[in-house]
Amino acid sequence: MPEFKRPHALADVTTHYCPGCTHGIVHRLVSEVIDEMGIEGDTIGICPVGCSVMAYDYFECDMMEAAHGRAPAVATGVKRANPDKFVFTYQGDGDLAAIGTAEIVHAATRGENITVIFINNTTYGMTGGQMAPTTLPGQVTQTTPYGRNPDVEGFPVRVCEMLSQLSGVALAERVTVIDPKNIAIAKKAIRKGFEFQKNKQGFSIIEVLSTCPTNWGKTPIEALQRVRDEMIPYYPLGVYKEGAVR
Amino acid sequence: MAEKKLMKGNEALAEAALRAGCKCFFGYPITPQTEISAYLSKRMPKVGGTFLQAESEVAAINMVYGCAGSGIRCMTSSSSPGISLKTEGISYIAGSDLPCVIINVQRGGPGLGGIQPSQADYWQVTHALGHGDFHALVFAPASVQEMVDTVTKAFDMADEFRMPAVILADGLLGQMMEPVAFDDAEIKMSDASNKPWAASGHKNARKHNIINSLYLQPDQLEDKVTARFKRYEKIKAERSEAVSDYCEDADIVVVAYGSTARLAKSAVESARKEGLKVGIIRPVTLWPFPVKQIQAAAENAKKLLVVEMSMGQMVDDVKLAINCSKPVEFYGRTGGVIPKPAEILAKIREMGGKD
Amino acid sequence: MTNQILLAGFGGQGILFMGKLLAYFGLYEDKEVSWLPSYGPEMRGGTCNCSVCIGDEPIGSPLVDEPDILIVMNTPSYDKFIGSVVKGGIALIDSSLIEEKCDRDDIKCFYVPATTLANEQGMKGMANMILLGKLLKEADITSPETVKKAMEKVIPPKRANLIEANLKAIELGMSL
């Protein structure tokens, strides 16, 4: 039985994340994969603007902070200069699917050998719970006080479905971390992403359906339940694309 | 030095970048600088470098941020409207103390403007190349050979002071061909070996490096910016450059930079032939601005004349440089119209170079 | 002394190529030179022009708006530039494409049916070289050795077969 301890790649610090937020779990999964592959010294992580803006303090590998939405472009710059290093971005839904749509689509279609961890919690957490590109129809946020109305605000973006259409994508998989079984699946997906990168086989994105109890106005338990009841039906879990591009 | 050959300013600059060890270039097509991308797309793969056409100007500058953050020499180039898009990334680069080189082959503005030569981005490049308190090094070459020589200097100084460097050209310099020579040294791509701050993988040999411009505590951010401005003071004191001619006995001193300085110099030489006591000083660095050199050149002058391809932007800095102690007049054309030496000469005559 | 040369015509007539050759003539004669093309959308099928300066002093403005030598290969360029030639300057006019005759008596005009000649002599597309040959005859620009050296420089090795043909067209121009 292996001992349960903090992965080396996960910094021994207190994070600023809210109680019940699943960022911590995802950070841990990424760190475990880095440890297991023994690649911490060769990995550069790129943080977004959003709740995980300070993730550069939470990982022990070299880190860069990107401008809002630009992490895939920053990662491209790092990777092209250092093709033998591991590069991952860690981005939220506002960052990746609104202001950074062009960057993620083009990094994906170029088949950049990077791994993207995409946190979808249907809201802008850091700025206090505004409508995100992934906010569900009817969902109340600070900027959709009457609920998101598709006639006015349009429809949510399904990122994995969209990116899976692009030839450069080796892996597009949607997972969640709301229970141990799903956490195990999520970790496997993240590992797959890094393995595709290791073998220079193309772009990988792992979308993680996540919670935001604070901005959803729910307890941590209720938040997990919302992922199950409302998010998974709209954003079905599973592999949307898998297979080496190169 | 090898044999001289004719090269377009844009292409010569691109070749010079390779020879300065620029390993990666990230660009986006825009007239009148596209030859830089086209040239490097051909050359980079042959010398072990990377050329990548980005999806946008914004993406290109952020690729530069990532590449520079990993300690590798890199460059992007654009023209005025594209530089506006890049300013976000440039601010992050400056705020993260990263070295890189950015080319602006200026065209007329505002908005989509035109594609003919212009110097209307002076204010932007020297005073507001993005949000926040920061500066970039700004070089203003005036010939194709000087474009070449400036590239190495720009990379070296960017590395030395860990800040972005801009080469401010214009459509005239970018598109024209003049004889150039390169030194024969073998091309050697840069690596991160002399950049201990780079985020290029710590190899389990050091604590992790973080490339970042976020400081949520005001006093921390203030300390960071203040330290950067201390470096700026050193650069201002030691690194400004200007070239002056005929200024010792000049009643009128003309101030012009880049391609406009060539036009103005033709006018000054014609004026001298007419017996007018006129000199010219050309700022080579626009930031740091050559304040002392302009003060020295203007010491015996009665008046100054600033000539620009704009409605008058650098003229403000010239007035500040001499503390408005003498009249400073302005002549300029804008929108892509190139001022003729004859027009500048007429302005000099009007100012009364002869007593 | 600086020669201010303006070359103008349609895109595809080899205006820029002719300019590049002239610039290399200057370079190989140890002169200061500059070459500046018109650029932008006007290149696409429209008029094309090129400024070349060759002189003993560093070139100030590379933009030629008052040429002492003008070569024109279409009517729009003739109309636009013939009035800008400085007094005492020379103009070479492809008379197979330009019907007008110049009434200025303060410049020297040479009417060369270059395009027709090129077609008749099996030199299609080399009207520019015929005009350049005529210029070399009428103005003291460079030596035949330099012309050959420049031609070998400007034409890429994979098109070396064009060197002789172009030199022949220049010779034809010089014989007119």
Side-chain angles (χ1 to χ4, degrees), chain B residues 3-10 30-35 79 105 107-108 113-117 142-146 170-181 243 245 256 259-270 273 280 307 309 333 336-345, chain C residues 1-2 4-7 15-44 46 48-67 84 86-87 146 149-157:
Chain B
E3 187 200 3
K4 276 193 177 183
K5 60 176 174 176
L6 289 172
M7 277 181 101
K8 271 195 174 188
N10 283 337
I30 180 171
T31 306
Q33 65 77 49
T34 307
E35 292 85 359
S79 180
V105 184
R107 54 189 259 183
I115 58 167
Q116 297 304 318
S143 71
V144 176
Q145 183 67 55
E146 197 182 334
D170 59 60
L172 201 67
L173 285 169
Q175 295 293 328
M176 70 188 289
M177 278 204 290
E178 282 187 316
V180 280
V243 179
D245 286 296
S259 57
T260 306
R262 302 166 63 120
L263 313 172
K265 197 172 172 199
S266 296
V268 166
E269 280 165 353
S270 304
K273 281 179 196 149
I280 180 167
V307 185
M309 283 195 282
R333 299 297 300 265
V337 180
I338 297 167
K340 293 177 187 169
E343 296 167 21
I344 302 167
L345 179 60
Chain C
M1 168 67 191
T2 299
Q4 307 258 353
I5 306 169
L6 184 61
L7 316 166
I15 297 291
L16 300 184
F17 176 78
M18 181 165 43
K20 207 168 165 184
L21 269 177
L22 277 162
Y24 266 105
F25 295 166
L27 180 64
Y28 290 148
E29 300 280 352
D30 285 327
K31 305 267 190 174
E32 301 284 345
V33 298
S34 68
W35 172 98
L36 179 73
S38 57
Y39 61 90
E42 70 207 49
M43 279 162 59
R44 319 264 182 266
C48 164
N49 69 67
C50 176
S51 298
V52 177
C53 300
I54 304 173
D56 300 317
E57 301 290 323
I59 308 298
S61 173
L63 181 72
V64 174
D65 43 35
E66 291 176 347
S84 68
V86 295
K87 208 172 141 186
T146 304
K149 192 175 162 195
M151 190 69 81
E152 283 164 358
K153 175 77 190 176
V154 173
I155 293 185

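Note on naming: letters A, B, ... go to the chains in the order of the sequence lines (proteins, then strands), and numbering restarts at 1 for each one. Because only heavy atoms are used, hydrogens play no part in the values below, and waters and symmetry mates are left out as well, while side chains stay in.
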Exercise for review: Select one option (side chain, backbone, both, neither) describing which atoms of B:P339 are under 4.5 Å from chain C's heavy atoms.
Suggested key: neither
**Study point:** Structural part of B:K4 lying under 4.5 Å from a heavy atom of chain C
**Key:** both
Practice item. Assess whether atom CD of C:E152 is packed by more than 12 heavy atoms of other residues, nucleotides or ligands within 6.0 Å. Key: yes
Practice item. Please flag which part of B:I338 lies under 4.5 Å from any non-hydrogen atom of chain C: side chain, backbone, both or neither. Key: side chain
Review point. Testing C:S61, C:P58, C:P62 for side-chain contact (heavy atoms from CB on, under 4.5 Å) with B:R262, which one passes?
Key: C:P62
Check your understanding: How close do B:E178 and C:V33 get, heavy atom to heavy atom, and via which atoms?
Key -> CG-O, 3.7 Å
Practice item. Check whether C:K153 gets within reach of chain B through its side chain, its backbone, both or neither, counting any heavy atom under 4.5 Å. Key: side chain
Check your understanding: How far does OG of C:S34 sit from CG of B:L173, to the nearest 0.5 angstrom?
Key -> 11.0 Å
**Study point:** Which atoms of C:Y28 approach chain B - backbone, side chain, both or neither, heavy atom under 4.5 Å
**Key:** side chain
Point to revise | Closest non-hydrogen atom pair between C:L27 and B:K5, with its separation | key: CD2-CA, 4.2 Å
Check your understanding: In terms of heavy-atom pairs under 4.5 Å, which option from B:G171, B:S266, B:P341 contacts chain C the most?
Key -> B:G171
Revision key, fill the gap. Between the CG atom in C:L63 and the CE atom in B:M176, the distance rounded to the nearest 0.5 Å is 10.0 Å
Check your understanding: Hey, is the main chain of B:I115 close enough, under 3.5 Å, to the side chain of C:Y39 for a donor-acceptor pair?
Key -> yes
Practice item. Taking atom CD of C:E66 as the centre, report whether more than 12 heavy atoms of other residues, nucleotides or ligands fall under 6.0 Å from it. Key: no
